[in-house]
Every structure is written in C-alpha cells, then in structure tokens.
Protein chains: 2
Amino acid sequence: MNDKSLTDYPRPSVAVDVAVLTVDDRGLLVVVVDGPRGLALPGTFLHPGERLSDAADRALSTKAGLTGTDFHQLAMFDAPDRDDRGWVLSMAHGAALPAGRLPHDVRLVRIDDRSPGELLAFDHAEMVSHAVDDLRARYARHVDPSELLPEEFTVLELRRLYEAVYGRPLPKDTFRRLVVEALETTGRSSSGGAGRPAEIFRRTGTELPAGATALLAG
Amino acid sequence: MNDKSLTDYPRPSVAVDVAVLTVDDRGLLVVVVDGPRGLALPGTFLHPGERLSDAADRALSTKAGLTGTDFHQLAMFDAPDRDDRGWVLSMAHGAALPAGRLPHDVRLVRIDDRSPGELLAFDHAEMVSHAVDDLRARYARHVDPSELLPEEFTVLELRRLYEAVYGRPLPKDTFRRLVVEALETTGRSSSGGAGRPAEIFRRTGTELPAGATALLAG
DNA sequence: CTAATAGTGTCTCTGAGACACTATTTG
DNA sequence: CAAATAGTGTCTCAGAGACACTATTAG
C-alpha cells in the first residue's frame, strides 16, 4: 500500500447515499428526494476527516430532516462514469425508520419486487435493492433489529411488519411459535380492539431460532 | 448530492486491500505481504478512473504475482486516523484461490477462529474476519463458488474443503445427501486410492438446498 | 481372505405447516 | 347470545442425523 506517495494521484470524490426504508400499511417504502436529476436517494459528499456514517447522518438531516438512525454499509458504487459531474465514488448505506418518525413532507416511493424501479437517478435503484436484501437478512436473524415497531407490540403487529418487509403473507401460528421465544412478555395485554386482547411483548436481543431464519429466507 | 461543487473539498485517498483466502491441509489460510508496518494484506491506492476491482487485481499482481481472481467487496474502512500517512479510506475485498495457483514464495498465515489475530497491521485483522464470514456465507449457498477445487472432484474432496472453510467436521452421510443434488456426475470414478473408487462430480450452478445452508450456518 | 474407502437403507426424532379447536374480549 | 380476534392442541409429513449395512476396490 505504499507503491507511491499519497499525493501522487488525483483522488476521487467520495459520496454517500442512503436508502432509508420504512413500512406503513402500503408496505415497504423508501425515502427519496427531488434533485436536479430527478428522484434520488438522499446523499452528500464526504467532508474532510469525516466518517462515512457521519456523512450519511448529515445527508439525512440536511435533505430530509431525519436524525439518529443507524446505518449499514451496502456497497461501494465505483463506475467511473456513474456521475457526469466527475469521478465520484459512492458508498451506499441502508437505514430503517418507523414511518411515524419521518417528517410529514417526506417523499416516499413504494418498493415492489416486480418493478425494475427505473425511476431513480444514477444507480440508486440498485442501491435500494441492496438495502432491501440487507434489511431482510437482518430481520431474518433478529426480531425487528431496526426498531420499526415501538418498544412494546403484539405478535400481530410484529407479523404485519414482517409481512411488509418480506412482501408476502406469513402463517399466523407458525410465525407466532417461531418468534415468541425471542420475545419477552410485559405481562400486560392490549385493550380496546374487538376480540380477545393480545399479549404485549418486548424485544430481547436474542437471535431468532434457525427455523425462523429458514421460514423468512425461503 | 450537490450541496457544493465537486472541487470544494479536499478528497480522501482511496485504497483497496485484499484478503486472499486459500485452503490446504492445514486449514484456512490468508495471503499476507511483508510491508513497512509489518505483515499486512496486499493493497494499493486507487488510480484515476480505475474501478475498485481493477485496483484489487493490480494489487495482487504487483504484490503477490496473482491474477484472474474475482473479488467481493466487504466493507469500507474509514476511521480518519487508521493510516498515519494521512486520510486513507480502504475498501476491503475478499477473494479465494486454490493453493496450487499461488506462487511458491507467497506468505500464508493460518486463520484460526480463537486467535484474535492481532498480528496484522492497520485494521487488516478485521478485514480477514469479514472475508471469512463472506466466504462461509457464499459457500453455504453454492457448491464451492470460488472454485477452490478443480473442475472435477469427489465428494470426499468437497467435504474436506468445507470442513476447512467452516473449521469443523461435517457428517459424512448427511453432507453427501445434501450436496449431491447440486452436483453433476461425470460418470467416471477415481482410481488409485485404497478402497472403493469414488464417483467424480462437477459443479453445477445450482443453489444448495435449504438444509445444506442450515447445516453450514449452524 | 482383510483392510480401506464409497455409498445407501433405514430408524428415530424433531419440528414446520395445516387445521381446528379453545379462550377472551366487545356489543 | 354472535362476532371477532388471540392463542394452543394436535396430526401429518419431511427431513436431518445417527448407525449400520452393503459395495467395490487394493493387496
């Protein structure tokens, strides 16, 4: 890593782009912003000495008024001609936030697996695809690791969330049996709805059993 | 992504480092080079307009005489002070090559899961750990995707390879039943060894069944 | 023949998936 | 009471894992 001095070569610009995913009753959504090249993911250039995750944070607060998310590196997009402004590498990040914590004026685009999603500028559609894969992989191993649900929730709410994340219905009884052992009861029950009240649970950090991972991966 | 012009900020140096993994009778090994800061992964700085994978290729041919590998992005290491020469981001890559294709003078270090592996410079030990995770994940889904074995092989050779990759013994009969359906027979058998000759197989691109993935992930 | 290795028949046990039943609420 | 939703008992079926048996070579 010392073939030449650090200063001998021109350096690329380094950017970050963030696919912020969320879920509401329509399903899986991604936050987009309206830029000069059409719809795009929020992003920014890396400032001197800054860490990528800090730049991602800055991009979100600047462009979408979002804060305090945790980011996952997805992939570095490095095609030399991917940005007509010059040589720009971009580190794609994934993040997930509950819909309720988004500003009301944010633009959301539905993610559906069948549409190639050519509606995003640059290579951002591919980034979204990476973000969804990453989200699904993480949700298959832990219970709602990105805390899209509040601290306490019922199994029904959890199942609806997972159905949105994976884009398909999940069997009620099997789902319950697979996830409860990675949950902790609050002892309380939901009230108000029709029907028998549902037990209210909390996340524990526990790994989901292998069977749950298999159900969700399949 | 256009808060300022491209030229307004100082830019980081971007490097690539490659963890080349291989397997021999000692188990899983990684290629290292002896640099000014001690043992390190082969790496280089990104040249203007170059793709990361091309830089990785160049690093390997320059530093270790290796060529024609396929790389997998692992993670971008971006701690501002990770390199005392200045602000250097490094994209860690993983690759895997059969031991027979390595030059004879290459330095190999054994990877064993219990040693924290503080023997590598920079943050390279962590990169190796990422590379192993990535290799295991890929090998759990496909049969020897990095072609560490030659085109034709027996189930025994394949099992020995997987035992090295996962660092634990695998049950002979279950392993066979899980992998054969993702293999294609050549019709021929191995000769020479003691005992009944083993059928010789070829890879197909087929995905391994879910059971195999579970066995290996567990 | 024996030794050695390859490959399979088969049993058991776990657990996913389906279905239907019970449990507990509202109105 | 009926309707609605939560949660469970239970059956079946598939498949992993273990074990031992058969198959095919060398010597």
Side-chain angles (χ1 to χ4, degrees), chain A residues 25 136 139-141 143-144 149-150 152-163 166 168-202 206-218, chain B residues 25 139-141 143-144 149-150 152-163 166 168-203 206-218:
Chain A
D25 46 14
R136 288 181 180 159
Y139 271 66
R141 298 210 162 266
V143 174
D144 187 24
L149 290 181
E152 303 186 344
F153 49 84
T154 65
V155 174
L156 176 60
E157 288 161 345
L158 187 63
R159 181 159 52 88
R160 294 256 182 275
L161 171 64
Y162 271 78
E163 290 178 338
Y166 291 91
R168 63 190 157 92
L170 296 169
K172 159 185 148 141
D173 42 12
T174 301
F175 180 83
R176 181 190 181 83
R177 280 189 255 248
L178 288 174
V179 300
V180 277
E181 64 189 77
L183 296 177
E184 169 179 271
T185 184
T186 62
R188 281 172 293 113
S189 287
S190 74
S191 60
R196 172 172 168 179
E199 196 171 358
I200 299 182
F201 293 92
R202 256 192 301 272
T206 323
E207 279 224 342
L208 284 165
T213 311
L215 167 69
L216 298 168
Chain B
D25 45 16
Y139 271 67
R141 298 210 162 264
V143 174
D144 186 24
L149 290 181
E152 303 186 343
F153 49 84
T154 66
V155 175
L156 175 60
E157 289 160 345
L158 187 64
R159 182 159 52 88
R160 294 255 182 276
L161 171 66
Y162 271 79
E163 289 178 337
Y166 290 91
R168 64 189 157 93
L170 297 169
K172 160 186 147 139
D173 43 12
T174 301
F175 180 82
R176 181 191 182 82
R177 280 190 254 248
L178 288 175
V179 299
V180 278
E181 64 189 77
L183 296 177
E184 169 179 272
T185 185
T186 62
R188 281 172 293 115
S189 287
S190 74
S191 60
R196 172 172 168 179
E199 196 172 357
I200 298 181
F201 292 92
R202 257 192 301 270
R203 276 174 290 267
T206 323
E207 279 224 343
L208 282 165
T213 310
L215 167 69
L216 298 168

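Below, read A as the first sequence line, B as the second, and so on, with proteins coming before strands; counting in each chain starts at 1.
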Nearest-angstrom distance from the residue atom [atom1] of [X] to [atom2] of [N]:
X	N	atom1	atom2	result
B:Leu170	D:dA18	CG	P	11 Å
B:Leu183	C:dA6	CG	C1'	15 Å
A:Phe175	D:dG7	CZ	C1'	14 Å
B:Phe153	C:dA6	CZ	P	15 Å
A:Ile200	C:dT25	CD1	P	13 Å
A:Asp173	C:dC21	CG	C1'	12 Å
A:Lys172	D:dT8	NZ	P	10 Å
A:Glu199	C:dA23	CD	P	16 Å

Looking at [Y], is its backbone amide N or carbonyl O close enough to the side chain of [X] to form a donor-acceptor pair, meaning the two atoms are under 3.5 Å apart?
X	Y	value
B:Arg203	B:Pro150	yes
A:Tyr162	A:Tyr139	yes
B:Tyr166	B:Ala140	yes

Please confirm whether any donor atom in the side chain of B:Arg177 sits under 3.5 Å from an acceptor in the base of C:dG9, or the reverse.
yes
Short side-chain N/O contact from B:Arg196 to OP1 or OP2 of C:dA4, under 4.0 Å
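For C:dA4, neither OP1 nor OP2 has a side-chain N or O of B:Arg196 closer than 4.0 Å.
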Does D:dT8 have OP1 or OP2 sitting under 4.0 Å from an N or O in the side chain of A:Arg176?
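Checking A:Arg176 against D:dT8: at least one side-chain N or O falls below 4.0 Å of OP1 or OP2.
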Would you call A:Arg160 and A:Glu163 a salt bridge, taking side-chain N to carboxylate O under 4.0 Å as the test?
yes
Assign each of A:Pro171 and B:Val155 to its nearest nucleotide of DNA chain C by heavy atoms, then name whichever residue's nucleotide is nearer the 5' end.
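Its nucleotide being nearer the 5' end, the pick is B:Val155.
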Could you check A:Leu178 against A:Gly192 and say which one's nearest nucleotide on DNA chain C is further toward the 5' end?
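It is A:Leu178 whose nearest nucleotide is closer to the 5' end.
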Return the 5'-most residue of the pair B:Pro197, B:Leu215 with respect to DNA chain D, ranking by each residue's nearest nucleotide.
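Of the two residues, B:Leu215 wins.
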side-chain contact (heavy atoms from CB on, under 4.5 Å) between B:Leu178 and B:Leu216, intermediate numbers included:
CA-CA 11 Å; B:Leu178 288 175; B:Leu216 298 168; over 6 Å; no
